[in-house]
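Inspection log for the structure reproduced underneath, given as structure tokens.
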Amino acid sequence: MSAFFSVTRRQMLAASAAGLASSVVGAGQSSAADAAATVGFVYVGPRDDYGYNQSHAEGAAALKKIPGIKVVEQENVPETVDVAKTMEAMINLEGASLLFPTSFGYFNPFMLDAAKKYPSVQFRHCGGLWTDKDPKNAGSYFGYIGVCQYLNGVVAGHMTKSKKLAFVAAKPIPQVLLNVNSFLLGARTVDPSITCSVIFTGEWSLAVKEAEATNALLDQGADVVTCHVDSPKVVVQTAAGRGAYVCGYHANQAPLAGDKYLTGAEWNWATVYEMFAKKFLAKEPLPNFVRGGLAEGFVKMSPLGPAVSDAARADFKLKYAEVSKPDFAIVKGPLKDNKGAVVVAAGKAYGERAIELESMNYLVDGVVGSTS
Amino acid sequence: MTGGIGWWGLPIAMLGGAIRVSTPFLFVSLGETVTERSGRINLGLEGILVFGAMSAYAVAVRTGSPWTGVAAAALSGALFGALHGWICKFPKVNDVAIGIALMLFGSGLAFFFGKPYIQPAAPHLPAMSLGAWSSIPQLRAALEVNALFPAGIAAAFVLRWALRDTRAGLALRVVGDSSEAARALGIDADRVRLAATCFGGAMAAVGGAYLSLYYPGSWNENISSGQGLMAVALVIFARWNPIGCVAASLLFGGAGALGPALQSVGITHGYYLFYAAPYVLTLGAMIASSAPGRAGAGAPAELSIGT
């Protein structure tokens, strides 16, 4: 009886703990009462997490410099009805007329419902899910960051001595798999014998498990680590603390890893937000579907760290020019997955805008790991 | 870091994981053992742990000394414990409900005050290299032991001795098993429980300090993945016995390292299943220990978890 009772109580605890996760901090520094437009940003985590949320907050910070724009922000908003409440509050209490809910899970149904309810407010969601059937005052934007992980891989390929790379990943979804595959394929342009072990933690943010995964990968001899989790802080600090090189993700983690930081794949959302804000102020129609990569300035690379060798620097420069060409493709045939099946036939090439990449469900030959 | 060690990585990773991951569980469950032996249950330890993690990190950033951070965490935890103990002494107050409120309060307060400390890096607690004798770098890494881990083990033995063989331990057990008997002996049950809850809070906050100052060693709002809650379950699993807490924490930590370690040696299928290993183990132990006739064996009679 006691066990049964304590289980139900624990479930209740879990439910109430989920409710507390949202804390209201740091909204609305009102710059001018006569701001022409109030822009709202909603983040799923803390905006100074050295990761995904920080990359968006850096974009929001760029908007604060534009005259006539007032920025309101709220962080730690779960992908639940909480985000609907946050958006309502921003619209009704702060007068926001352009909203950027930045997390993937905010889109359906929360943002779509809000867009139907407030037809005069513009909504743009980060993630690229918008289709023609959705409300016209809503839309999506996203960046192609695969080439940046490819360039990470190029530098990692030069710097690894053990020929083993490590990738700490959250969930085996297409975008993450593309990053893992791109990282390895970049490294294999340097040396085709390089392998990359991947560990999936199963969640976007699990500090202890990310540290355990990093340690386990280093124990197996990997000497360059990168990741795709919401906040790379723990992975970067753990790896650098054990003397391994690090390639960053989402934002610049060089301050955390010192000279162990090689380079990193970063978002550059300021490009997108400034474009939207300027059109909005000029009363021009906002595009519904926006995507871009390195060439469009949606993503960027961290400056190369001091440890990067001259050979790696030269090759990085070369490959950077290569990936900036419009017909460049990371994923091209003949390509096998790590179970031996041919996933891309010879002669086929998928550039970063190819729709085929958005249903990627395999890890390429050379990646040690499994998607399930 | 030259070359992998293949399958040897598995036991080494589990050993390392047991040492690295178990410490917060150990501290929280030891503290809660004392609290529960006094007849109170404090479910707010998760909140106290998170607040302890934050205050330790913040003080370490400010003063540059991680040990001052640990001390500050212990103090903050004792204060939270005192709050719980003080409120619960009033008649008809439900300690379970207060615990839940305290959990939300502690986490919320930690998030509020912790905002400015997400970015700065705090000095870490030093580690002792117990693996210096080995030539295997992986084993050396696994045996990088933080001083709090042996301190926790030592605390478990001291607590077992104190509970069994000291006057204070006797008073605590009497209060936990029967308030009436305690009153007949002239023991002030409320004061004993207040002290026990303070101690439990301080221990939980030190567990939090370990998270933010050693492993994983950073402060953010997701630093705890429910260690404070799981540790309360581990106390029941450990049958309110400090030595049992050590075993339960080590088992839980080692099982938690299984998932990443298996993936790193190439067993990559079904990792969600391996990640569930600690919880499956706990659930199995709970079911086994709630068998008819054994339900609540060792539980303090005054404890309001119902037996």
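Heavy atoms only: backbone and side chains are in, while hydrogens, waters and symmetry mates are out. Here is the naming used below: chain letters follow the sequence lines, and residue numbers restart at 1 for every chain.
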| A:Glu210, part contacting chain B, at a heavy-atom distance under 4.5 Å | neither
| field | B:Gln119 versus A:Asp49, closest heavy-atom pair with distance | value | NE2-N, 4.5 Å
| request: First locate atom OH of B:Tyr117, then atom CG of A:Asp48, and finally report the distance between them rounded to the nearest 0.5 Å. | output: 13.0 Å
| query | After noting the C-alpha distance and the side-chain angles of B:Gln263 and A:Leu217, does the key distance pass the side-chain contact (heavy atoms from CB on, under 4.5 Å) rule? | reply | CA-CA 9 Å; B:Gln263 283 193 64; A:Leu217 289 164; over 6 Å; no
| Is B:Glu144 salt-bridged to A:Arg242, going by a charged N under 4.0 Å from an acidic O? | no
| What's the shortest heavy-atom distance between A:Pro172 and B:Tyr272, and which atoms? | CD-OH, 4.3 Å
| Exercise: identify the closest heavy-atom pair between B:Tyr275 and A:Ile199 | OH-CG2, 3.7 Å
| message | Taking 4.5 Å as the heavy-atom cut-off, does anything in residues 225-241 of chain A contact chain B, and if so which residues? | response | A:Lys233, A:Val234, A:Gln237
| Residues in ring pair (Phe, Tyr, Trp, His ring centres under 6.0 Å) contact with A:Tyr245, at least two apart in sequence or another chain | none
| note | Per-residue tally against chain B (heavy atom, under 4.5 Å) across A:Thr201, A:Val368, A:Val198 peaks at A:Thr201
| said: Please classify the contact of A:Asn215 with chain B as side chain, backbone, both or neither, using a heavy-atom distance under 4.5 Å. | reply: side chain
| remark: In this structure, CD of A:Glu75 is separated from CD1 of B:Ile118 (nearest 0.5 Å) by 7.0 Å
| request: Identify, with sequence neighbours excluded, every residue that meets salt bridge (Lys or Arg N to Asp or Glu O under 4.0 Å) alongside A:Glu212. | output: B:Arg20
| Side chain, backbone, both or neither of A:Leu206 within contact of chain B (heavy atoms, under 4.5 Å) | side chain
| message | With side-chain contact (heavy atoms from CB on, under 4.5 Å) as the criterion, how do A:Val208 and B:Val21 come out once you've worked through the C-alpha distance, each side chain's angles and the decisive distance to 0.1 Å? | response | CA-CA 8 Å; A:Val208 172; B:Val21 181; 4.1 Å; yes
| request: For A:Phe104, look at atom CZ and say whether over 12 heavy atoms of other residues, nucleotides or ligands are found less than 6.0 Å away. | output: no
| Shortest non-hydrogen contact from B:Pro216 to A:Ala211? | CB-CB, 4.0 Å
| query | Is it the case that more than 12 heavy atoms not belonging to A:Lys171 sit under 6.0 Å from its NZ atom? | reply | yes
| request: Under 4.5 Å heavy-atom distance to chain B, tell me which part of A:Thr214 shows up: side chain, backbone, both or neither. | output: neither
| query | If you look only at pairs with a residue in residues 39-49 of chain B, which of them pass as a side-chain hydrogen bond (donor to acceptor under 3.5 Å, both in side chains), with sequence neighbours excluded? | reply | B:Glu46-B:Ser224
| Interface moiety of B:Pro116 toward chain A, non-hydrogen atoms closer than 4.5 Å | neither
| query | Using non-hydrogen atoms only, which part of B:Leu262 is less than 4.5 Å away from chain A: side chain, backbone, both, or neither? | reply | neither
